[in-house]
Visitor: 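Before I ask anything, let me first share the structure, which is written out below as structure tokens.
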Protein chains: 2
Amino acid sequence: MTAAVRLLLADDEHLIRGALAALLGLEDDLVVVAEAASGPEALAMARAHRPDVAVLDLQMPGADGVKVATSLRTELPGCQVLIVTGHGRPGHLKRALAAGVRGFVPKTVSAQRLAEIIRTVHAGHRYVDPELAADAISAGDSPLTSREAEVLELAADGAPVTEIAERAALSPGTVRNYLSSAVTKLGAENRHAAVRLARERGWV
Amino acid sequence: MTAAVRLLLADDEHLIRGALAALLGLEDDLVVVAEAASGPEALAMARAHRPDVAVLDLQMPGADGVKVATSLRTELPGCQVLIVTGHGRPGHLKRALAAGVRGFVPKTVSAQRLAEIIRTVHAGHRYVDPELAADAISAGDSPLTSREAEVLELAADGAPVTEIAERAALSPGTVRNYLSSAVTKLGAENRHAAVRLARERGWV
DNA sequence: CGCTCGCCATGACAAATGTCAGGGGACGGC
DNA sequence: GCCGTCCCCTGACATTTGTCATGGCGAGCG
């Protein structure tokens with residue numbers, strides 16, 4: 001018989017992580033060798049235990065799942081990464097795939113299904129939740145240029161133009177122009193609605 | 001021996017709900033009699049199965065945990081409500097307690113601990129996570145009047161004043177006055193930052 | 001009864017923001 | 001080399017905001 005798949009579980013919600021560990025541990029061919037509650041901790045655990053598959057939550061303190069995946073890609077090329085997320089936004093999926101993530105599923109799947117997906121990913125295949133994939137495709141690519149996205153992000157917390165200009169080392173007029181074009185491209189009423197839209201689509 | 005505590009589990013994330021059901025089911029004195037993935041479904045399940053304790057996620061499609069709790073309070077007075085939440089904001093705790101919720105815990109607790117808390121709540125006691133309680137106390141009460149909060153909420157999606165005025169059936173000038181006073185009270189830079197602050201503190 | 005407070009409104013002014021029309025420079029593709 | 005695109009800026013303008021002063025109305029309270 002082949003050895004069981006060694007898993008790393010990372011999620012900041014102890015309740016979920018523990019429950020998941022217990023359920024996945026019931027499968028004969030899966031074994032949880034490490035758990036982590038934050039991004040940095042996940043990295044440390046991965047280095048120490050060298051799992052076959054890392055199951056990462058997208059939103060974690062310290063470093064999010066995609067960042068961790070990026071680091072793992074170079075440090076442990078043999079370790080496949082599977083991202084699990086509560087509310088998946090189209091842009092996140094794109095970023096995740098770009099980071100070399102092999103699987104991307106919402107938390108609405110059952111544990112049974114997750115176990116299957118883990119096996120799929122471990123076998124070298126990819127798995128992306130069909131619904132999330134459809135969202136990502138229909139949402140399309142971000143129409144924003146990098147500067148537009150950057151300025152929009154700085155505008156996210158409601159800061160006035162002058163402050164954004166300072167933080168971006170741009171002239172206030174330029175900031176307003178970028179903001180204006182971003183708002184137009186997104187079809188929003190104003191920059192704040194634009195920020196919301198961009199966030200929803202995962203473009204910031 | 002006494003009969004086992006009958007539980008209703010409601011959470012839109014199947015992964016968590018299933019895992020939780022499995023883990024809590026392992027306890028001798030707990031039995032999961034119903035599961036739901038949305039607010040309305042939770043209500044229907046509660047009516048059908050009349051559980052002793054309802055374990056509700058705070059954020060669910062349809063109706064959030066607090067709304068469900070309010071309905072349950074009148075329909076099934078014998079059913080104690082325990083709210084579980086990912087990221088607890090101070091105001092939510094306050095609203096929950098006002099709705100007659102008996103327990104309020106973050107998802108960072110372990111399943112073991114949750115089982116104990118369920119027993120505590122079923123025994124007629126209350127339980128609030130110490131950390132969340134501290135946050136709620138230090139954050140204090142909302143300084144906003146009801147109209148200020150209402151207008152601020154309508155401003156949340158970045159709508160212009162005229163639109164807010166329309167939706168609130170107020171004059172645009174009045175809206176600006178309320179917004180202005182809310183911004184002042186919260187010590188924010190502008191209304192959008194104010195919305196963020198109020199959200200963080202759970203005041204909207 | 002007078003007081004305070006929340007509620008709703010108006011009008012006016014200053015400041016911030018959204019929009020438009022420009023113009024230069026860099027860089028890659030045809 | 002020319003063209004398109006993105007980058008960065010300027011200046012001017014209309015619109016939207018934030019802020020303030022002011023007033024009327026009703027409810028709760030000493």
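Quick note: numbers below take in every heavy atom, side chains included, and nothing from hydrogens, waters or symmetry partners. Being a predicted model, the structure only gives us computed values, none of them experimental. Throughout, a chain's letter reflects where its sequence line sits, starting with A, and its residues are numbered from 1.
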Visitor: Contact class for A/S180 vs. all strands (heavy atom < 4.0 Å): base, sugar-phosphate, or nothing?
Guide: base
Visitor: Could you tell me whether the side chain of B/N190 and the main chain of A/G158 form a donor-acceptor pair under 3.5 Å?
Guide: yes
Visitor: Under 4.0 Å between a side-chain nitrogen and a carboxylate oxygen: does that hold for B/E116 and B/R119?
Guide: no
Visitor: Would you mind classifying the nucleic acid contact of B/T174 as base, sugar-phosphate or nothing, using non-hydrogen atoms under 4.0 angstrom?
Guide: base
Visitor: In whole angstroms, how far is the C1' atom of D/dG26 from the CZ atom of B/R147?
Guide: 14 Å
Visitor: Under the 3.5 Å rule, do the base of C/dT17 and the side chain of B/N190 count as making a donor-acceptor pair?
Guide: no
Visitor: Check every strand shown and say whether A/S146 touches a base, only sugar-phosphate, or nothing at a heavy-atom separation below 4.0 Å.
Guide: sugar-phosphate
Visitor: Taking atom CZ of B/R199 as the centre, report whether more than 12 heavy atoms of other residues, nucleotides or ligands fall under 6.0 Å from it.
Guide: no
Visitor: Around B/E131, counting heavy atoms of other residues, nucleotides and ligands shown, do more than 12 lie under 6.0 Å from its CD?
Guide: no
Visitor: Within the pair B/Y178 and C/dC7, is there a side-chain N or O less than 4.0 Å away from OP1 or OP2?
Guide: no
Visitor: Using whole Å, what does the distance between atom C1' of nucleotide D/dG18 and atom NE2 of B/H192 come to?
Guide: 11 Å
Visitor: Using a distance-only criterion (donor-acceptor N/O pair, under 3.5 Å, no hydrogens), is the base of C/dC20 paired with the side chain of A/N177?
Guide: yes
Visitor: Write down the distance between CD (B/E150) and P (C/dG6), rounded to a whole number of angstrom.
Guide: 16 Å
Visitor: Give the rounded distance in Å between these two atoms: NZ of A/K185 and P of C/dT19.
Guide: 14 Å
Visitor: Roughly how many Å is it from CG in A/L144 to C1' in D/dC7, rounded to a whole number?
Guide: 15 Å
Visitor: What is the separation between atom CG on B/L186 and atom C1' on D/dG18, rounded to the nearest whole Å?
Guide: 15 Å
Visitor: Taking OP1 and OP2 of C/dC7, is either one under 4.0 Å from a side-chain nitrogen or oxygen of B/T145?
Guide: yes
Visitor: Between A/S171 and D/dT10, is there a side-chain N or O to OP1/OP2 distance below 4.0 Å?
Guide: yes
Visitor: Which part of the nucleic acid, if any, lies within contact of A/L179, taking any heavy atom under 4.0 Å across all strands shown: a base, the sugar-phosphate backbone alone, or nothing?
Guide: nothing
Visitor: Of all the nucleotides listed (C/dA12, C/dT17, D/dC20), which has the minimum atom distance to the side chain of B/R176?
Guide: C/dA12
Visitor: May I have the distance from A/E189 (atom CD) to D/dT16 (atom C1'), rounded to whole angstrom?
Guide: 12 Å
Visitor: Expressed in angstrom and rounded to an integer, what is the separation of B/I164 atom CD1 from D/dT17 atom C1'?
Guide: 11 Å
Visitor: Would you say B/D57's side chain and B/M60's backbone share a donor-acceptor pair under 3.5 angstrom?
Guide: no
